[in-house]
There are 2 protein chains.
Amino acid sequence: MVLTEKQKELIEEFGVLNEKYGLPPAECRVWGLFLVADKVELTFDEIMETLNLSKGGTSNALNRLMMTHHIEYITKLGDKKRYFRCKMNNWTQMTKENFEKFDDLNIILKEILKARTSKTPQFNKDLKEVTEFLDFVYKEIMLAIHKWENRQ
Amino acid sequence: MVLTEKQKELIEEFGVLNEKYGLPPAECRVWGLFLVADKVELTFDEIMETLNLSKGGTSNALNRLMMTHHIEYITKLGDKKRYFRCKMNNWTQMTKENFEKFDDLNIILKEILKARTSKTPQFNKDLKEVTEFLDFVYKEIMLAIHKWENRQ
DNA sequence: AATTAAGTTCAGTATTTTGTGAACTAAAAA
DNA sequence: TTTTTAGTTCACAAAATACTGAACTTAATT
(Lines give C-alpha, C1' and ligand atoms only; values in the text may rest on other atoms or scores of the structure.)
Protein backbone atom coordinates (compact mmCIF):
# COMPACT_ATOMS: atom_id res chain seq x y z
CA MET A 1 0.00 0.00 0.00
CA VAL A 2 1.36 3.40 -0.97
CA LEU A 3 0.66 6.37 1.26
CA THR A 4 0.51 10.00 0.20
CA GLU A 5 2.79 12.49 1.94
CA LYS A 6 -0.26 13.88 3.72
CA GLN A 7 -1.17 10.45 5.06
CA LYS A 8 2.38 9.84 6.30
CA GLU A 9 2.38 13.23 7.96
CA LEU A 10 -0.92 12.55 9.73
CA ILE A 11 0.32 9.17 10.96
CA GLU A 12 3.37 10.84 12.49
CA GLU A 13 1.33 13.64 14.04
CA PHE A 14 -1.13 11.18 15.52
CA GLY A 15 1.85 9.12 16.66
CA VAL A 16 3.69 11.91 18.43
CA LEU A 17 0.53 12.84 20.32
CA ASN A 18 -0.10 9.30 21.48
CA GLU A 19 3.54 8.72 22.39
CA LYS A 20 3.04 11.50 24.94
CA TYR A 21 0.46 9.26 26.59
CA GLY A 22 2.89 6.37 26.78
CA LEU A 23 2.20 4.35 23.64
CA PRO A 24 5.28 2.99 21.80
CA PRO A 25 5.97 4.63 18.42
CA ALA A 26 5.30 1.52 16.36
CA GLU A 27 1.93 0.97 18.00
CA CYS A 28 0.95 4.59 17.40
CA ARG A 29 1.87 4.31 13.73
CA VAL A 30 -0.15 1.14 13.25
CA TRP A 31 -3.18 2.72 14.88
CA GLY A 32 -2.64 5.85 12.82
CA LEU A 33 -2.41 3.80 9.64
CA PHE A 34 -5.88 2.41 10.26
CA LEU A 35 -7.22 5.93 10.62
CA VAL A 36 -5.72 7.39 7.46
CA ALA A 37 -5.68 4.38 5.11
CA ASP A 38 -7.88 4.31 2.00
CA LYS A 39 -9.00 0.81 2.96
CA VAL A 40 -10.74 -0.27 6.14
CA GLU A 41 -9.38 -3.82 6.30
CA LEU A 42 -5.62 -4.32 6.41
CA THR A 43 -3.57 -7.50 6.53
CA PHE A 44 -0.53 -8.20 8.66
CA ASP A 45 1.83 -8.02 5.68
CA GLU A 46 0.31 -4.83 4.34
CA ILE A 47 0.81 -3.12 7.68
CA MET A 48 4.33 -4.46 8.03
CA GLU A 49 5.39 -3.40 4.55
CA THR A 50 3.64 -0.04 4.52
CA LEU A 51 5.21 1.01 7.80
CA ASN A 52 8.56 -0.76 7.31
CA LEU A 53 8.14 -2.63 10.56
CA SER A 54 9.63 -6.00 11.47
CA LYS A 55 7.43 -9.07 11.89
CA GLY A 56 7.87 -9.05 15.64
CA GLY A 57 7.15 -5.36 15.91
CA THR A 58 4.02 -5.66 13.82
CA SER A 59 2.77 -8.65 15.78
CA ASN A 60 3.36 -6.90 19.06
CA ALA A 61 1.70 -3.66 17.99
CA LEU A 62 -1.38 -5.43 16.62
CA ASN A 63 -1.79 -7.54 19.73
CA ARG A 64 -1.48 -4.56 22.03
CA LEU A 65 -4.02 -2.62 19.99
CA MET A 66 -6.37 -5.58 20.20
CA MET A 67 -5.93 -5.88 23.96
CA THR A 68 -6.85 -2.22 24.35
CA HIS A 69 -9.83 -2.70 22.01
CA HIS A 70 -8.64 -0.15 19.47
CA ILE A 71 -8.71 -2.70 16.68
CA GLU A 72 -10.15 -6.13 15.97
CA TYR A 73 -9.87 -8.65 13.15
CA ILE A 74 -12.24 -10.54 10.95
CA THR A 75 -11.58 -13.69 8.95
CA LYS A 76 -12.83 -14.78 5.57
CA LEU A 77 -13.89 -18.27 4.54
CA GLY A 78 -11.14 -20.16 2.74
CA ASP A 79 -8.57 -17.51 3.67
CA LYS A 80 -5.98 -18.02 6.39
CA LYS A 81 -5.13 -14.36 6.76
CA ARG A 82 -6.63 -12.08 9.34
CA TYR A 83 -8.13 -8.80 8.26
CA PHE A 84 -7.56 -6.16 10.88
CA ARG A 85 -9.67 -3.06 11.26
CA CYS A 86 -10.14 -0.15 13.59
CA LYS A 87 -13.02 -0.32 16.08
CA MET A 88 -14.92 2.92 15.87
CA ASN A 89 -17.77 2.08 18.19
CA ASN A 90 -15.85 2.06 21.44
CA TRP A 91 -14.73 5.66 21.72
CA THR A 92 -17.26 6.58 24.36
CA GLN A 93 -16.18 3.51 26.34
CA MET A 94 -12.51 4.37 25.80
CA THR A 95 -13.08 7.95 26.86
CA LYS A 96 -14.96 6.83 29.94
CA GLU A 97 -12.06 4.57 30.89
CA ASN A 98 -9.63 7.42 30.41
CA PHE A 99 -11.57 9.59 32.80
CA GLU A 100 -11.76 6.77 35.28
CA LYS A 101 -7.97 6.78 35.36
CA PHE A 102 -8.22 10.53 36.00
CA ASP A 103 -10.40 9.71 39.00
CA ASP A 104 -7.69 7.40 40.37
CA LEU A 105 -5.64 10.50 41.14
CA ASN A 106 -8.49 11.80 43.26
CA ILE A 107 -8.71 8.51 45.13
CA ILE A 108 -5.08 8.83 46.16
CA LEU A 109 -5.47 12.49 47.06
CA LYS A 110 -8.34 11.57 49.40
CA GLU A 111 -6.18 8.89 51.01
CA ILE A 112 -3.40 11.44 51.45
CA LEU A 113 -5.84 13.90 53.00
CA LYS A 114 -7.00 11.28 55.48
CA ALA A 115 -3.42 10.53 56.51
CA ARG A 116 -2.30 14.15 56.89
CA THR A 117 -1.23 15.83 60.10
CA SER A 118 -3.80 18.17 61.62
CA LYS A 119 -1.05 20.75 62.13
CA THR A 120 -1.44 22.21 58.63
CA PRO A 121 -5.10 23.29 58.53
CA GLN A 122 -4.82 25.65 55.56
CA PHE A 123 -3.04 23.08 53.41
CA ASN A 124 -5.55 20.42 54.38
CA LYS A 125 -8.43 22.71 53.55
CA ASP A 126 -6.88 23.48 50.15
CA LEU A 127 -6.32 19.79 49.45
CA LYS A 128 -9.90 19.01 50.44
CA GLU A 129 -11.11 21.61 48.00
CA VAL A 130 -9.02 20.01 45.25
CA THR A 131 -10.64 16.65 45.88
CA GLU A 132 -14.08 18.28 45.86
CA PHE A 133 -13.28 19.96 42.57
CA LEU A 134 -12.09 16.69 41.03
CA ASP A 135 -15.21 14.93 42.32
CA PHE A 136 -17.38 17.60 40.76
CA VAL A 137 -15.66 17.52 37.38
CA TYR A 138 -15.66 13.73 37.27
CA LYS A 139 -19.39 13.59 37.97
CA GLU A 140 -20.12 16.18 35.32
CA ILE A 141 -18.05 14.27 32.76
CA MET A 142 -19.84 11.02 33.44
CA LEU A 143 -23.15 12.87 33.18
CA ALA A 144 -22.09 14.34 29.84
CA ILE A 145 -21.12 10.95 28.46
CA HIS A 146 -24.39 9.49 29.68
CA LYS A 147 -26.24 12.34 28.01
CA TRP A 148 -24.45 11.55 24.73
CA GLU A 149 -25.13 7.84 24.97
CA ASN A 150 -28.83 8.42 25.49
CA ARG A 151 -29.36 11.05 22.82
CA GLN A 152 -31.69 10.08 19.95
CA MET B 1 12.68 14.60 58.14
CA VAL B 2 11.45 11.15 59.07
CA LEU B 3 8.46 9.71 57.25
CA THR B 4 6.04 7.14 58.57
CA GLU B 5 5.54 3.93 56.61
CA LYS B 6 2.12 5.21 55.56
CA GLN B 7 3.62 8.41 54.18
CA LYS B 8 6.26 6.49 52.24
CA GLU B 9 3.59 4.20 50.85
CA LEU B 10 1.44 7.13 49.73
CA ILE B 11 4.42 8.78 48.03
CA GLU B 12 5.09 5.61 46.06
CA GLU B 13 1.43 5.16 45.14
CA PHE B 14 1.16 8.75 44.01
CA GLY B 15 4.45 8.26 42.16
CA VAL B 16 3.45 5.16 40.26
CA LEU B 17 0.25 6.84 39.12
CA ASN B 18 2.05 9.92 37.86
CA GLU B 19 4.79 7.87 36.19
CA LYS B 20 2.03 6.48 34.00
CA TYR B 21 1.51 10.01 32.75
CA GLY B 22 5.17 10.39 31.85
CA LEU B 23 6.69 12.03 34.93
CA PRO B 24 10.11 10.68 36.04
CA PRO B 25 10.07 8.74 39.33
CA ALA B 26 12.18 11.25 41.24
CA GLU B 27 9.94 14.13 40.24
CA CYS B 28 6.84 12.17 41.28
CA ARG B 29 8.36 11.42 44.67
CA VAL B 30 9.28 15.03 45.31
CA TRP B 31 5.78 16.16 44.42
CA GLY B 32 4.34 13.39 46.55
CA LEU B 33 6.54 14.39 49.48
CA PHE B 34 5.01 17.86 49.46
CA LEU B 35 1.55 16.31 49.61
CA VAL B 36 2.16 13.96 52.52
CA ALA B 37 4.73 15.86 54.60
CA ASP B 38 3.87 17.19 58.05
CA LYS B 39 5.35 20.55 57.09
CA VAL B 40 4.30 22.79 54.23
CA GLU B 41 7.68 24.40 53.56
CA LEU B 42 10.59 22.13 52.68
CA THR B 43 14.22 23.00 51.94
CA PHE B 44 16.41 21.57 49.20
CA ASP B 45 18.46 19.53 51.67
CA GLU B 46 15.43 18.20 53.50
CA ILE B 47 13.97 16.92 50.26
CA MET B 48 17.27 15.44 49.14
CA GLU B 49 17.91 13.66 52.43
CA THR B 50 14.36 12.48 53.02
CA LEU B 51 14.10 10.93 49.58
CA ASN B 52 17.75 9.81 49.28
CA LEU B 53 18.15 11.73 46.04
CA SER B 54 21.34 13.16 44.61
CA LYS B 55 21.89 16.92 44.40
CA GLY B 56 21.48 16.93 40.66
CA GLY B 57 18.36 14.85 40.79
CA THR B 58 16.80 17.05 43.45
CA SER B 59 17.66 20.22 41.57
CA ASN B 60 16.22 18.85 38.35
CA ALA B 61 13.01 17.59 39.96
CA LEU B 62 12.37 20.87 41.78
CA ASN B 63 12.99 22.95 38.68
CA ARG B 64 10.69 20.81 36.57
CA LEU B 65 7.95 21.00 39.21
CA MET B 66 8.36 24.77 39.26
CA MET B 67 8.17 25.01 35.47
CA THR B 68 4.92 23.07 35.52
CA HIS B 69 3.61 25.28 38.37
CA HIS B 70 3.13 22.41 40.79
CA ILE B 71 5.40 24.02 43.36
CA GLU B 72 6.92 27.42 44.09
CA TYR B 73 9.40 28.76 46.61
CA ILE B 74 9.51 31.58 49.10
CA THR B 75 12.53 33.18 50.71
CA LYS B 76 13.07 34.53 54.20
CA LEU B 77 14.99 37.65 55.18
CA GLY B 78 18.53 36.89 56.26
CA ASP B 79 18.27 33.33 55.00
CA LYS B 80 19.90 32.15 51.79
CA LYS B 81 17.86 28.98 51.54
CA ARG B 82 14.76 28.63 49.46
CA TYR B 83 11.62 27.24 51.05
CA PHE B 84 9.70 25.18 48.55
CA ARG B 85 6.00 24.48 48.82
CA CYS B 86 3.20 22.93 46.82
CA LYS B 87 0.87 25.28 44.96
CA MET B 88 -2.68 24.26 45.76
CA ASN B 89 -4.52 27.03 43.97
CA ASN B 90 -3.80 25.99 40.41
CA TRP B 91 -5.59 22.68 40.18
CA THR B 92 -8.50 23.99 38.16
CA GLN B 93 -6.00 25.61 35.78
CA MET B 94 -3.96 22.39 35.66
CA THR B 95 -7.05 20.32 35.01
CA LYS B 96 -8.16 22.68 32.27
CA GLU B 97 -4.77 22.35 30.57
CA ASN B 98 -4.99 18.58 30.79
CA PHE B 99 -8.31 18.59 29.01
CA GLU B 100 -6.98 20.95 26.38
CA LYS B 101 -4.39 18.30 25.56
CA PHE B 102 -7.30 15.85 25.30
CA ASP B 103 -8.83 18.20 22.71
CA ASP B 104 -5.61 18.05 20.64
CA LEU B 105 -6.50 14.48 19.77
CA ASN B 106 -9.78 15.67 18.35
CA ILE B 107 -8.02 18.33 16.29
CA ILE B 108 -5.92 15.63 14.60
CA LEU B 109 -8.92 13.36 14.12
CA LYS B 110 -10.71 16.19 12.31
CA GLU B 111 -7.67 16.70 10.09
CA ILE B 112 -7.61 12.99 9.33
CA LEU B 113 -11.32 13.04 8.50
CA LYS B 114 -10.78 15.90 6.07
CA ALA B 115 -7.97 14.03 4.32
CA ARG B 116 -9.79 10.68 4.05
CA THR B 117 -10.85 8.98 0.84
CA SER B 118 -14.56 9.19 0.04
CA LYS B 119 -14.55 5.49 -0.75
CA THR B 120 -15.16 4.46 2.87
CA PRO B 121 -18.43 6.23 3.75
CA GLN B 122 -19.27 4.13 6.81
CA PHE B 123 -15.83 4.58 8.36
CA ASN B 124 -15.91 8.29 7.64
CA LYS B 125 -19.34 8.62 9.21
CA ASP B 126 -18.14 6.74 12.31
CA LEU B 127 -15.04 8.91 12.58
CA LYS B 128 -17.16 12.04 12.22
CA GLU B 129 -19.34 10.85 15.07
CA VAL B 130 -16.25 10.33 17.21
CA THR B 131 -15.15 13.92 16.62
CA GLU B 132 -18.65 15.15 17.44
CA PHE B 133 -18.63 13.13 20.63
CA LEU B 134 -15.25 14.51 21.64
CA ASP B 135 -16.42 18.04 20.83
CA PHE B 136 -19.46 17.54 23.00
CA VAL B 137 -17.56 16.12 25.97
CA TYR B 138 -14.91 18.83 25.76
CA LYS B 139 -17.53 21.58 25.81
CA GLU B 140 -19.33 20.00 28.75
CA ILE B 141 -16.06 19.73 30.69
CA MET B 142 -15.18 23.36 30.12
CA LEU B 143 -18.70 24.31 31.16
CA ALA B 144 -18.34 22.26 34.34
CA ILE B 145 -15.02 23.90 35.24
CA HIS B 146 -16.53 27.30 34.57
CA LYS B 147 -19.45 26.43 36.81
CA TRP B 148 -17.04 25.48 39.60
CA GLU B 149 -14.96 28.60 39.20
CA ASN B 150 -18.03 30.81 39.48
CA ARG B 151 -19.68 29.07 42.42
CA GLN B 152 -20.10 31.16 45.56
C1' DA C 1 5.15 -36.20 4.05
C1' DA C 2 7.05 -32.06 2.68
C1' DT C 3 6.15 -27.31 1.85
C1' DT C 4 3.99 -23.03 2.44
C1' DA C 5 1.57 -19.45 4.91
C1' DA C 6 0.55 -16.59 8.85
C1' DG C 7 1.88 -15.21 12.60
C1' DT C 8 4.39 -15.63 17.61
C1' DT C 9 8.24 -15.63 20.62
C1' DC C 10 12.37 -14.27 22.33
C1' DA C 11 17.42 -13.22 22.64
C1' DG C 12 20.11 -9.59 21.64
C1' DT C 13 20.82 -4.72 20.20
C1' DA C 14 19.85 0.06 19.82
C1' DT C 15 17.90 3.95 21.80
C1' DT C 16 16.07 6.77 25.25
C1' DT C 17 15.35 8.08 29.82
C1' DT C 18 16.82 8.78 34.62
C1' DG C 19 19.80 9.55 38.19
C1' DT C 20 24.55 10.16 40.21
C1' DG C 21 28.20 12.78 41.87
C1' DA C 22 32.00 15.71 41.14
C1' DA C 23 33.22 20.12 39.49
C1' DC C 24 31.48 24.52 39.15
C1' DT C 25 29.09 29.31 40.19
C1' DA C 26 27.43 32.97 42.91
C1' DA C 27 26.42 35.00 46.98
C1' DA C 28 26.92 35.41 51.93
C1' DA C 29 29.60 34.77 56.20
C1' DA C 30 33.72 34.58 58.77
C1' DT D 1 40.08 37.28 51.21
C1' DT D 2 39.05 32.79 52.39
C1' DT D 3 35.49 29.74 53.53
C1' DT D 4 30.96 28.17 53.62
C1' DT D 5 26.36 27.69 51.85
C1' DA D 6 22.96 26.76 48.32
C1' DG D 7 22.23 25.20 44.39
C1' DT D 8 23.38 24.26 39.03
C1' DT D 9 25.51 21.83 35.33
C1' DC D 10 27.13 18.14 32.92
C1' DA D 11 29.72 13.83 31.71
C1' DC D 12 28.92 9.38 32.62
C1' DA D 13 26.54 5.08 34.28
C1' DA D 14 22.52 2.43 35.02
C1' DA D 15 18.14 1.07 33.81
C1' DA D 16 14.13 0.80 31.12
C1' DT D 17 11.99 0.58 26.53
C1' DA D 18 11.38 -0.46 21.81
C1' DC D 19 12.60 -2.92 17.71
C1' DT D 20 14.76 -6.39 14.84
C1' DG D 21 15.20 -10.73 12.82
C1' DA D 22 15.83 -15.49 13.17
C1' DA D 23 13.96 -19.61 15.03
C1' DC D 24 9.77 -21.58 16.10
C1' DT D 25 4.59 -23.03 16.04
C1' DT D 26 0.34 -24.24 14.03
C1' DA D 27 -2.53 -25.08 10.47
C1' DA D 28 -3.39 -25.50 5.65
C1' DT D 29 -1.90 -26.84 0.96
C1' DT D 30 0.58 -29.59 -2.44
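All heavy atoms count here, side chains included; hydrogens, waters and symmetry mates do not. Quick note on labels: first sequence line is chain A, next is B, and so on, each numbered from 1.
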When you match A:Lys80 and A:Gly56 each to their closest nucleotide on DNA chain D, which lands nearer the 5' end?
A:Gly56
Select one nucleotide: of C:dG7, D:dT8, C:dG21, the one nearest the side-chain heavy atoms of A:Arg82.
C:dG7
A:Leu23 CG - D:dT17 P separation (whole Å):
14 Å
A:Tyr83 OH to C:dA5 P, in whole Å, measures 14 Å
Of B:Tyr73, B:Trp31, B:Phe44, B:Phe34, the residue whose pairing with B:Phe84 passes ring pair (Phe, Tyr, Trp, His ring centres under 6.0 Å):
B:Tyr73
Starting the side chain at C-beta, find the nucleotide from C:dT8, D:dT8, D:dC19 nearest to A:Ala26.
D:dC19
In whole Å, what is the span from the CE atom of A:Met48 to the C1' atom of D:dT20?
11 Å
I'd like to know if B:Lys110 pairs up with B:Asp135 as an ion pair, taking the criterion as any Lys NZ or Arg NE/NH1/NH2 lying under 4.0 Å from an Asp or Glu carboxylate oxygen.
yes
Interatomic distance, A:Glu46 CD vs C:dG7 P [rounded to whole Å]:
11 Å
Is any NZ, NE, NH1 or NH2 atom of the basic residue among A:Glu129 and B:Arg151 found under 4.0 Å from an Asp or Glu carboxylate oxygen of the other?
yes
Pick the nucleotide of DNA chain C nearest each of A:Asn60 and A:Asp79; which residue has the one closer to the 5' end?
A:Asp79
Has the side chain of B:Lys55 got a donor or acceptor atom sitting under 3.5 Å from an opposite partner on the base of C:dG21?
no
When A:Arg82, A:Glu46, A:Arg85 are each screened for side-chain contact (heavy atoms from CB on, under 4.5 Å) with A:Glu41, the one that passes is A:Arg85
Nearest-angstrom distance from the residue atom CG of B:Asn52 to C1' of C:dG21
15 Å
Min side-chain heavy-atom separation B:Leu35-A:Phe123 under 4.5 Å:
yes
Which nucleotide in D:dA18, D:dG7, C:dT18 has an atom nearest any side-chain atom of B:Phe44:
D:dG7
D:dT8 C1' sits how many Å from B:Ile47 CD1, rounded?
15 Å
Using whole Å, report how far CG of A:Leu65 lies from P of D:dA18.
13 Å
Quick check for you: among C:dG7, D:dT9, D:dT20, whose closest atom lies nearest to any side-chain atom of A:Leu53?
D:dT20
Nucleotide nearest B:Ser54 when distance is taken to its side chain, options D:dC19, C:dG19, D:dT8
C:dG19
Using whole Å, what does the distance between atom P of nucleotide D:dG7 and atom CZ of B:Arg64 come to?
20 Å
As a test of reading the structure: which of C:dA6, C:dT9, C:dG19 is closest to the side chain of A:Asp45, going by heavy atoms?
C:dA6
